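Worksheet: the structure to be examined is printed underneath.
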Amino acid sequence: MDILTWQEVLTQTVSLMGNKEQNLFFPPYIASNAGRLVTNYILDELVRVYPNSQIITDKARPFLKRKIVSVENGIGNYPSDYRNILDMGIAVNDTHTSPCNCSEEQIEQTRECKDCTENNELINTTDSSSILYDATLASLRKEWCKFTQVVQVDVDQFYKRTSSKLRPPTFEKPVYTNISRTQFKLCPIGVTHVEIFYIKDPTKSNIAYTMMPDDTWQINTADPTFVELEWEVSIAPEFFRAFTTLYSIHTRDGSLVNALNELKQLGLF
């Protein structure tokens with residue numbers, strides 16, 4: 001995996017600006033702030049275009065995560081490191097009439113649940129010693145769960161849907177809503193686990209530096225306060241475009257006050 005580094009970003013940025021010495025024209029704390037601002041802006045843009053573009057998978061790979069979350073009485077907790085929720089799904093049986101209550105470990109192993117009985121008990125039709133052995137099924141790829149998407153709705157819609165006799169939530173068409181920054185509420189009741197795809201919070205990247213005899217500075221990767229960028233090189237075109245915009249603002253007026261307004265005009269994706 002090729003990582004986009006701070007040094008690459010600074011070197012390319014100053015080379016585009018007439019080969020100026022980066023140390024004299026771009027203080028490290030300004031560069032660090034600009035990098036963090038660009039990271040958050042690009043993540044916002046990627047979330048905005050999701051799911052209509054493959055870009056989010058290719059560009060945001062270091063920030064994409066998946067987690068199985070337990071649900072109790074319709075209430076679940078979001079992953080502690082989430083920034084944006086992309087998708088949520090539940091495991092259901094073939095008829096979509098009940099949840100496939102696999103354990104977290106089973107879902108993690110294959111992302112799919114064996115066929116469920118009416119009592120949600122797992123059955124094994126691929127073990128030759130079992131009275132339920134089915135040679136045809138044994139020859140097929142083992143599927144542990146079939147997932148259906150849980151649709152997010154606002155609080156008002158959630159309570160209208162859950163009280164509706166015409167269109168109540170079902171295991172085929174489940175819904176959820178946010179009840180706080182850290183928790184969600186899901187219907188129908190009976191789901192024990194959900195699978196969440198999300199964008200994680202970025203780390204606070206930072207340029208540590210060492211002063212040189214000529215009063216310039218150099219990046220010091222050995223300093224414990226140095227934190228490298230999390231991006232892969234695939235984001236380089238978009239990152240450089242946004243970063244050099246902030247560099248231009250700084251060299252023009254010495255401030256990043258108007259940075260966000262400038263970035264909103266870019267339309268990266």
Side-chain angles (χ1 to χ4, degrees), residues 1-18 20 22-23 25-67 78-88 152 178 181-182 196-209 219 221 225-269:
M1 180 174 61
D2 294 325
I3 301 298
L4 181 65
T5 67
W6 271 121
Q7 189 58 66
E8 290 172 320
V9 170
L10 291 175
T11 299
Q12 182 160 339
T13 299
V14 297
S15 68
L16 291 174
M17 298 299 178
K20 294 181 179 180
Q22 68 180 50
N23 300 337
F25 291 92
F26 212 11
Y29 76 94
I30 293 292
S32 293
N33 288 340
R36 292 193 289 266
L37 186 59
V38 167
T39 289
N40 280 288
Y41 171 70
I42 293 179
L43 288 176
D44 284 343
E45 286 292 284
L46 289 170
V47 171
R48 181 181 63 81
V49 301
Y50 179 84
N52 299 320
S53 174
Q54 182 64 23
I55 287 177
I56 191 161
T57 300
D58 298 334
K59 302 288 187 179
R61 196 181 316 277
F63 302 91
L64 289 175
K65 295 189 72 175
R66 165 185 169 270
K67 187 172 183 179
Y78 285 122
S80 59
D81 63 342
Y82 94 95
R83 181 184 189 276
N84 302 94
I85 301 299
L86 298 177
D87 266 323
M88 184 183 295
Q152 183 180 11
N178 296 324
R181 166 66 184 170
T182 60
I196 297 179
F197 290 91
Y198 64 100
I199 297 288
K200 78 174 189 70
D201 265 331
T203 58
K204 189 175 181 179
S205 55
N206 184 65
I207 299 175
Y209 61 96
I219 291 179
T221 58
T225 64
F226 175 83
V227 181
E228 188 61 272
L229 296 168
E230 294 180 271
W231 294 102
E232 295 177 3
V233 293
S234 61
I235 200 66
E238 293 81 14
F239 196 95
F240 286 138
R241 184 179 177 188
F243 194 82
T244 53
T245 297
L246 300 192
Y247 176 89
S248 298
I249 294 173
H250 170 73
T251 55
R252 184 177 68 230
D253 61 13
S255 173
L256 292 178
V257 174
N258 298 317
L260 279 173
N261 290 332
E262 293 284 342
L263 287 176
K264 289 178 181 177
Q265 304 304 315
L266 291 178
L268 292 179
F269 303 106

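Sequence positions, counted from 1, serve as the residue numbers for this chain. Source: prediction; values computed, not measured. What you see below is based on every heavy atom in this structure, not just the backbone, and it leaves out hydrogens, waters and symmetry mates.
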Nearest 0.5 Å please: distance from the CZ atom of R241 over to the CD1 atom of I235.
12.0 Å
Sequence neighbours excluded, the answer for side chain to side chain contact (heavy atoms under 4.5 Å, CB included) partners of T182 is S180
Starting from the C-alpha separation in whole Å, work towards a yes-or-no answer on side-chain contact (heavy atoms from CB on, under 4.5 Å) for L229 and I3.
CA-CA 8 Å; L229 296 168; I3 301 298; 5.6 Å; no
Sequence neighbours excluded, the answer for side chain to side chain donor-acceptor pair (under 3.5 Å) partners of T5 is E8
Listed partners of D201 passing salt bridge (Lys or Arg N to Asp or Glu O under 4.0 Å), at least two apart
none
Could you work out, with salt bridge (Lys or Arg N to Asp or Glu O under 4.0 Å) as the rule, every residue matching D81, not counting sequence neighbours?
K65
Can you see which heavy atom on L46 is nearest to which on A60, and at what distance?
CD1-CB, 3.5 Å
Does some side-chain heavy atom of L43 sit less than 4.5 Å from a side-chain heavy atom of F63?
yes
If you define the side chain from C-beta out and look only at heavy atoms, does anything of P202 sit under 4.5 Å from N40?
yes
Using the test ring pair (Phe, Tyr, Trp, His ring centres under 6.0 Å), find all partners of Y82 that sit at least two apart in sequence or belong to another chain.
Y78
For residues M88 and Q152, determine if any side-chain heavy atom of one lies less than 4.5 Å from a side-chain heavy atom of the other.
no
Restricting to side chain to side chain contact (heavy atoms under 4.5 Å, CB included), what partner residues turn up for S32, sequence neighbours left out?
R36, N206, I207
With sequence neighbours left out, write down each residue that passes side chain to side chain donor-acceptor pair (under 3.5 Å) with T39, or none if nothing qualifies.
W231
Would you compute the distance between atom CZ of R83 and atom OH of Y198 and round it to the nearest 0.5 angstrom?
13.5 Å
Sequence neighbours left out, what passes salt bridge (Lys or Arg N to Asp or Glu O under 4.0 Å) with E230? Give chain and number order.
K200
With heavy-atom distances below 4.5 Å as the criterion, would you say the side chains of I85 and N178 are in contact?
no
Salt bridge check, E45 against R48: does any charged N sit closer than 4.0 Å to a carboxylate O?
yes
Mind running side-chain contact (heavy atoms from CB on, under 4.5 Å) on F240 and L4 for me, showing each step along the way?
CA-CA 10 Å; F240 286 138; L4 181 65; 4.0 Å; yes
Taking only residues two or more places apart in sequence, or in another chain, which ones meet Y29 in a side chain to side chain contact (heavy atoms under 4.5 Å, CB included)?
P27, N33
Do I196 and R66 come within less than 4.5 Å of each other through their side chains, counting heavy atoms only?
no
Which atom names give the shortest non-hydrogen contact between S234 and E238, and what distance separates them?
O-OE1, 3.9 Å
Please list, chain by chain and in numerical order, all residues satisfying side chain to side chain donor-acceptor pair (under 3.5 Å) with T225, sequence neighbours excluded.
D223
Indicate yes or no: at least one non-hydrogen side-chain atom of I56 is less than 4.5 angstrom from one of L86.
yes
Between Y209 and I219, is there a side-chain heavy-atom distance shorter than 4.5 Å?
no
Residues forming a side chain to side chain donor-acceptor pair (under 3.5 Å) with Y50, sequence neighbours excluded
D87
Counting C-beta onward and ignoring hydrogens, is there a side-chain heavy-atom pair between W6 and T221 closer than 4.5 Å?
no
